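These numbers were taken from a predicted model, which means no experiment stands behind them.
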Amino acid sequence: MRGFVERLAEASIGATYNFYRAGERAPLLRARLERYLDDVAGARLVLVGEAPGYRGARVSGIPFTSERQLTGDGPAESTATIVHRVLAELRLAGEVLLWNVVPTHPGDERSNRRPTRAEVEAGLPFVCELARGRRTIAVGRIAHAATGAPYVRHPSHGGAAEFRRGLQAVLL
């Protein structure tokens, strides 16, 4: 996975912030991502979301994961908390690779923004590479439109129960 992570670190995806290349934590975030991808290399499912959140993967380096989940310190992120809780409840935690259509952060250190069409298109080669040989499930409308994968509601803004129900329904 080192080559994949290196290509991602070199990528320029529109006006997104590539936290795998920029900033003092970039080497740590690349190492975390490489270790994570190695750990889930055998995953049969990939959940694909929209983009990293400013309190989630932008800080932790791992999609749908907050720094607090990794280290017990730093910011928590509600979507990450819900996704990991539901995966644990459904006994899928070790069987799922978590990713985003846009793997770099659209927004700044205090906010998120919707990725542009060009940013989504630029992120798709990374999705396609990781999804090869896996069943793909889209978390949210942007991921669904980009991948054509079965849709489940994004868990944010009161969608946790619907996310869980949708994930169960798609997997049955």
S12 versus R21: any side-chain heavy-atom pair under 4.5 Å? yes
Distance check, rounded to the nearest 0.5 Å: L29 atom CG versus R25 atom CZ? 5.0 Å
Quick check: do L37 and L97 have side-chain heavy atoms less than 4.5 Å from each other? yes
Any donor-acceptor pair under 3.5 Å linking the side chain of N18 with the backbone of E10? no
Let me have the donor-acceptor pairs involving side chains of residues 73-81, under 3.5 Å, with sequence neighbours excluded, atom names and distances please.
unit_1	atom_1	unit_2	atom_2	d
E77	OE1	T79	N	3.3
E77	OE1	A80	N	2.7
T81	OG1	E77	O	3.1

Might you work through the side chain to side chain contact (heavy atoms under 4.5 Å, CB included) test for L92 and R44, ending with a clear yes or no? CA-CA 10 Å; L92 294 170; R44 62 182 181 89; 3.8 Å; yes
If you look only at pairs with a residue in residues 10-33, which of them pass as a ring-ring contact (aromatic ring centres under 6.0 Å, His included), with sequence neighbours excluded? none
Kindly give the heavy-atom pair with the smallest separation between A22 and A26, and that separation in Å. O-CB, 3.6 Å
Are more than 12 heavy atoms, taken from residues, nucleotides or ligands other than R85, located less than 6.0 Å from that residue's CZ atom? yes
For E109 and V59: C-alpha separation, side-chain torsions, deciding distance, then whether side chain to side chain contact (heavy atoms under 4.5 Å, CB included) applies. CA-CA 9 Å; E109 64 275 352; V59 179; over 6 Å; no
Can you see which heavy atom on V101 is nearest to which on A146, and at what distance? CG1-CB, 3.9 Å
Result block: side-chain N/O donor-acceptor pairs under 3.5 angstrom for residues 126-138, not counting sequence neighbours:
unit_1	atom_1	unit_2	atom_2	d
E129	OE1	R7	NH2	2.6
E129	OE2	R7	NH2	2.6
R134	NE	A43	O	2.8
R134	NH1	L130	O	2.5
R134	NH2	V40	O	3.4
R134	NH2	A41	O	2.7
R135	NH2	V170	O	2.4

Using the ring-ring contact (aromatic ring centres under 6.0 Å, His included) rule, collect all pairs that involve residues 92-117, keeping only residues at least two apart or in two chains. F4-W99
On a heavy-atom basis, which atom in L70 and which in R32 lie closest, and how many Å separate them? CD1-NH1, 3.6 Å
Below 4.5 Å, heavy atoms only, C-beta onward: do I13 and V102 meet side chain to side chain? yes
Just by distance, do the side chain of E119 and the backbone of T116 share a donor-acceptor pair under 3.5 Å? yes
Closest heavy-atom contact between Q69 and H84? NE2-CD2, 3.4 Å
Any ring-ring contact (aromatic ring centres under 6.0 Å, His included) involving residues 150-172? Give me the pairs, sequence neighbours left out, ordered by first then second residue. H144-Y151
How long is the straight-line distance from CG of L33 back to CG of L28, given to the nearest 0.5 Å? 11.0 Å
Side-chain heavy atoms of V96 within contact of V83, under 4.5 Å: no
So do the side chains of E89 and Q168 get within less than 4.5 Å of each other, counting heavy atoms only? no
Less than 4.0 Å between a side-chain N and a carboxylate O, is that true for R117 and E121? no
Could you tell me whether a side-chain N or O of N100 sits under 3.5 Å from a main-chain N or O of P63, the two making a donor and an acceptor? no
Interatomic distance, CD1@I82 vs CG@L87, rounded to 0.5 Å, equals 11.5 Å
Hits for ring-ring contact (aromatic ring centres under 6.0 Å, His included) against Y54, two or more places apart or cross-chain, chain-then-number order -> none
Which pair of non-hydrogen atoms, one from I142 and one from P115, has the smallest distance, and what is that distance? CD1-CD, 4.1 Å
For residues S60 and S66, report the shortest heavy-atom separation together with the two atoms involved. CB-C, 3.8 Å
Is D108 reaching over with its side chain to a backbone N or O of S111, donor-acceptor style, under 3.5 angstrom? yes
Would you mind reporting whether V86 and P155 have side-chain heavy atoms less than 4.5 Å apart? no
Side-chain touch T65/Y36, heavy atoms, less than 4.5 angstrom: no
Does R55 use its side chain to pair, donor to acceptor, with the backbone of R58 at less than 3.5 Å? no
